Novice: 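First the structure, which I've put down as structure tokens, then a few questions once you've had a look.
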Protein chains: 2
Amino acid sequence: MLQSQVSAESLPHAEYDGPTPVLRQWAAPGLATLVAGLPLQRRCMRARQYLFRAGERRQSLFLIHAGCFKTCVISPDGREKVTGFRLRGDLLGIDALDMPHYACNAISLDVGEVWELPVAQLRDSLPDFQQRLTAVLASEIRRDWGWMLAIGTLSAEQRVITFLLDLSARLEALGFSARCLTLRMTRADLGNFLALQLETVTRALSHLQALGMIGVERRQIRIEDPSGLRAMLGTASLH
Amino acid sequence: MLQSQVSAESLPHAEYDGPTPVLRQWAAPGLATLVAGLPLQRRCMRARQYLFRAGERRQSLFLIHAGCFKTCVISPDGREKVTGFRLRGDLLGIDALDMPHYACNAISLDVGEVWELPVAQLRDSLPDFQQRLTAVLASEIRRDWGWMLAIGTLSAEQRVITFLLDLSARLEALGFSARCLTLRMTRADLGNFLALQLETVTRALSHLQALGMIGVERRQIRIEDPSGLRAMLGTASLH
DNA sequence: CGCCAAGTTGAGACCTTTCAAACGCTGTGG
DNA sequence: CCACAGCGTTTGAAAGGTCTCAACTTGGCG
């Protein structure tokens, strides 16, 4: 249980030589260590299980301890948009900190575990907890802007590359392999997030594989040539 | 000086019957009244003047008192992305609250005035200032998600409509006319924000004018048929 | 008065979408 | 144990929306 990304971890570690251009700001580190001593409510998740839904009464924040989640918003007329894929260390629910109800859906893509944070209590006991929250929020804004930039200025293939490099770097920061990743989301989710059709995502992956840049086997992705991929971003036709 | 949007204000007020579907969360209100008594540094701006640039040392936050600003991020390889257009009451610089340097450029699109907020001082004197900040940050995240949704799921024309309705509603909330608006940004800025080419923006505006939905005269936009516009969003082919 | 930035419009090319079909897993029931 | 349904993925071919490039117009400003 909770063993998401083990397949990646069992593979050899590899170098990752430099940050992805823009998408390079993560949440404030160390929140997990901060709450280590507290009596937290732990909650295990199955794949495709909702952690919470937009509109539900917001009781607490959740710190991801294991697994992979997607967050998505849905417009009144039914259009859906995946706003991000969240990994261990990410906070879920912060976007509704000032509201009585959640503002998005949070769905587990795999088995996982979250820790429920008692916000009011933490605010009192930890002097700089509130400031930590603002840091997490600000960095989420910058992350979103990075993706808006990518979606607005890059071709389909470049967006997919950006996603792969970003995910690779995030997984590596968590101690997993940067070269071999398991996508926990469907092509449809990925396309939705990158503002592409799922077929376009598939084609981009196939093409990158044909170029020898990556290896694709269903949701297992091997990054064969990281610097080659990064070079394909630099040669941006600026759209 | 500071008389941005006067042209709109001098025109008759008109009804705005209902919120724009998704993009409907604004910054926490009343920040201006909160800081009313404090000895704030005021700063006047000209058109095209930078309030701050990404990378500059961040000293303070700025509360827009008058005018219109754009914020934008620039990737290392020179791709630019307008992340938003900011009006009176909006806070500039919050996205870098946890950093020593600004994370975006803030550029005045018109004459305007900002109030410089001494963050550290406010944090001490106003008990819930920090909490207000988190509210502003969270609402910025939701706003960004709304635009990501629009850009990812709507056609060019629908994005332009969404922008016009959003701006109209924001201006009305500030006491300006909801029917007659002055765009302070160029077509290029608008296109950049909406992930479209400037020519596509022009064509969308021309087409909406041909349909009798709006009147276009350079940067003066008259919204002739708000519900008609909103209907064009509902008839989304879901891309 | 003339230059220049901003905006408009047209025509063609191109990338992505759309629609369709086939394939491969996975879980279920006979 | 295998057949089968169902979802996710892959690939092809055609259509279409947006981009690109270009010319022209307009209004502002030195």
Side-chain angles (χ1 to χ4, degrees), chain A residues 7 46-48 68 70 79 82 107 109-111 150-163 182-211 214-221 232 235-239, chain B residues 7 46-48 70 79 82 107 109-111 150-164 182-211 214-221 232 235-239:
Chain A
S7 53
R46 307 181 309 274
R48 284 179 298 282
C68 180
K70 75 169 178 184
R79 284 145 40 219
V82 175
I107 305 162
L109 298 178
D110 195 359
V111 289
I151 289 169
T153 62
L154 297 180
S155 68
E157 199 163 273
Q158 291 176 319
R159 291 182 220 178
V160 173
I161 293 173
T162 303
F163 175 83
T182 305
L183 303 182
R184 303 291 161 176
M185 68 293 297
T186 66
R187 302 286 192 267
D189 283 335
L190 193 38
N192 184 301
F193 178 62
L194 296 176
L196 297 171
Q197 294 307 113
L198 67 91
E199 296 95 329
T200 308
V201 175
T202 289
R203 273 185 255 270
L205 290 173
S206 298
H207 184 225
L208 292 175
Q209 183 174 36
L211 293 178
I214 64 176
V216 182
E217 201 178 323
R218 288 184 62 76
R219 299 201 183 173
Q220 294 287 339
I221 308 285
M232 295 181 69
T235 324
S237 61
L238 296 190
H239 214 266
Chain B
S7 51
R46 307 182 308 274
R48 285 179 298 283
K70 74 169 178 185
R79 283 145 41 221
V82 175
I107 304 162
L109 298 177
D110 194 359
V111 288
I151 289 170
T153 60
L154 296 180
S155 67
E157 197 163 275
Q158 290 176 318
R159 292 182 218 176
V160 172
I161 292 173
T162 303
F163 174 83
L164 291 177
T182 305
L183 304 182
R184 302 293 162 175
M185 69 292 296
T186 66
R187 301 287 192 266
D189 283 335
L190 193 39
N192 183 299
F193 178 63
L194 296 175
L196 298 171
Q197 294 306 113
L198 66 91
E199 296 95 328
T200 308
V201 174
T202 289
R203 274 186 253 270
L205 290 173
S206 298
H207 185 224
L208 291 175
Q209 183 174 37
L211 293 176
I214 64 175
V216 181
E217 201 178 323
R218 291 185 60 74
R219 300 200 183 173
Q220 294 287 338
I221 308 284
M232 296 181 69
T235 323
S237 62
L238 295 192
H239 218 273

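Remember, it's a predicted structure, so these values are computed and weren't measured experimentally. Sequence lines set the chain letters: A, B, ... in the order given, protein chains first and strands last, and positions in each chain run from 1.
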Novice: Quick one: list whatever passes side chain to side chain contact (heavy atoms under 4.5 Å, CB included) with A:A188, sequence neighbours left out.
Specialist: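 Only A:T186, A:L198 meet the side chain to side chain contact (heavy atoms under 4.5 Å, CB included) criterion with A:A188.
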Novice: Does A:S155 offer a backbone N or O that forms a donor-acceptor pair with the side chain of A:Q158 under 3.5 Å?
Specialist: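 At least one qualifying donor-acceptor pair exists.
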Novice: Does B:R219 CZ have over 12 foreign heavy atoms under 6.0 Å away?
Specialist: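 Above 12, so yes.
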Novice: Specify the residue among B:R48 and B:E157 whose closest nucleotide of DNA chain D lies further upstream toward the 5′ end.
Specialist: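 Result of the comparison: B:E157.
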Novice: Between C:dT8, D:dT10, C:dT17, which one does the side chain of A:R187 approach most closely?
Specialist: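 Per side-chain heavy atoms of A:R187, the pick is D:dT10.
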Novice: Given atom CD of A:E217 and atom P of C:dG24, what is their separation to the nearest angstrom?
Specialist: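 Rounded to the whole Å, the gap is 13 Å.
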Novice: Using a cut-off of less than 4.0 Å, is there contact between a side-chain N or O of B:T200 and OP1 or OP2 of D:dT18?
Specialist: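 Checking B:T200 against D:dT18: no side-chain N or O falls below 4.0 Å of OP1 or OP2.
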Novice: In this structure, how many angstroms lie between the P atom of D:dT9 and the CD1 atom of A:I221, rounded?
Specialist: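 Spelled out: CD1 on A:I221 to P on D:dT9 is 10 Å.
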Novice: Output the rounded distance in Å from NE2 (B:H207) to P (D:dT18).
Specialist: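 Roughly 12 Å, once rounded to whole Å.
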Novice: Quick one: CZ on B:F193 to NZ on B:K70, what's the gap to the nearest 0.5 Å?
Specialist: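 NZ of B:K70 is found 12.5 Å from CZ of B:F193.
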Novice: When the distance from CD of A:Q197 to C1' of D:dT11 is rounded to whole Å, what number comes out?
Specialist: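 Between C1' of D:dT11 and CD of A:Q197: 16 Å.
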Novice: Answer with base, sugar-phosphate or nothing: what part of the nucleic acid does B:L196 contact at a heavy-atom distance below 4.0 Å?
Specialist: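 If one applies the 4.0 Å heavy-atom cut-off, B:L196 turns out to touch the sugar-phosphate alone, with no base involved.
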Novice: NA contact type, A:L205, heavy-atom cut-off 4.0 Å: base, sugar-phosphate, or nothing?
Specialist: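 Contact class for A:L205: none.
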Novice: To the nearest Å, give me how far apart CD1 (A:I151) and C1' (C:dC15) are.
Specialist: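 Computing the A:I151:CD1 to C:dC15:C1' distance gives 17 Å.
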Novice: Rounded to the Å, how far apart are A:Q158 CD and C:dC15 C1'?
Specialist: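 From A:Q158 CD to C:dC15 C1': 12 Å.
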Novice: Hey, does the side chain of B:R159 reach the backbone of B:L194 with a donor-acceptor pair shorter than 3.5 angstrom?
Specialist: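 Checked: pair present.
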Novice: Take atom CG of A:N192 and atom C1' of D:dT9, then tell me their distance rounded to the nearest Å.
Specialist: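 For the pair A:N192 CG and D:dT9 C1', the rounded distance is 17 Å.
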Novice: Look at all strands and tell whether B:T202 reaches a base, only sugar-phosphate, or nothing, counting heavy atoms closer than 4.0 Å.
Specialist: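 Contact class for B:T202: base.
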Novice: Please list, chain by chain and in numerical order, all residues satisfying side-chain hydrogen bond (donor to acceptor under 3.5 Å, both in side chains) with A:E157, sequence neighbours excluded.
Specialist: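 So A:E157 forms a side-chain hydrogen bond (donor to acceptor under 3.5 Å, both in side chains) with A:H207.
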Novice: Quick check against the 3.5 Å criterion: does B:N192 have a side-chain atom that pairs as donor or acceptor with the backbone of B:V82?
Specialist: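 Such a contact is found between B:N192 side chain and B:V82 backbone.
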Novice: Counting the atoms with a prime plus P, OP1 and OP2 as sugar-phosphate, which does B:A204 contact under 4.0 Å by heavy atoms, base, sugar-phosphate, or nothing?
Specialist: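 Contact class for B:A204: none.
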Novice: Among the candidates C:dA6, C:dT16, D:dT10, find the nucleotide nearest to the side-chain atoms of B:R219.
Specialist: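 Comparing C:dA6, C:dT16, D:dT10 against the side chain of B:R219, the answer is C:dA6.
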Novice: Measure from CZ on A:R218 to P on C:dC25 and round the result to the nearest Å.
Specialist: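 Taking CZ of A:R218 and P of C:dC25, I get 7 Å after rounding.
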Novice: Please write out each protein N/O paired with an N/O of nucleotides 21-24 of chain D under 3.5 Å, distance rounded to 0.1 Å.
Specialist:
from	atom 1	to	atom 2	distance (Å)
D:dC21	N4	B:E199	OE2	3.2

Novice: Could you tell me whether the phosphate oxygens of C:dC15, OP1 or OP2, come under 4.0 Å of any side-chain nitrogen or oxygen in A:S155?
Specialist: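 Looking at the OP1 and OP2 atoms of C:dC15, neither is under 4.0 Å from any side-chain N or O of A:S155.
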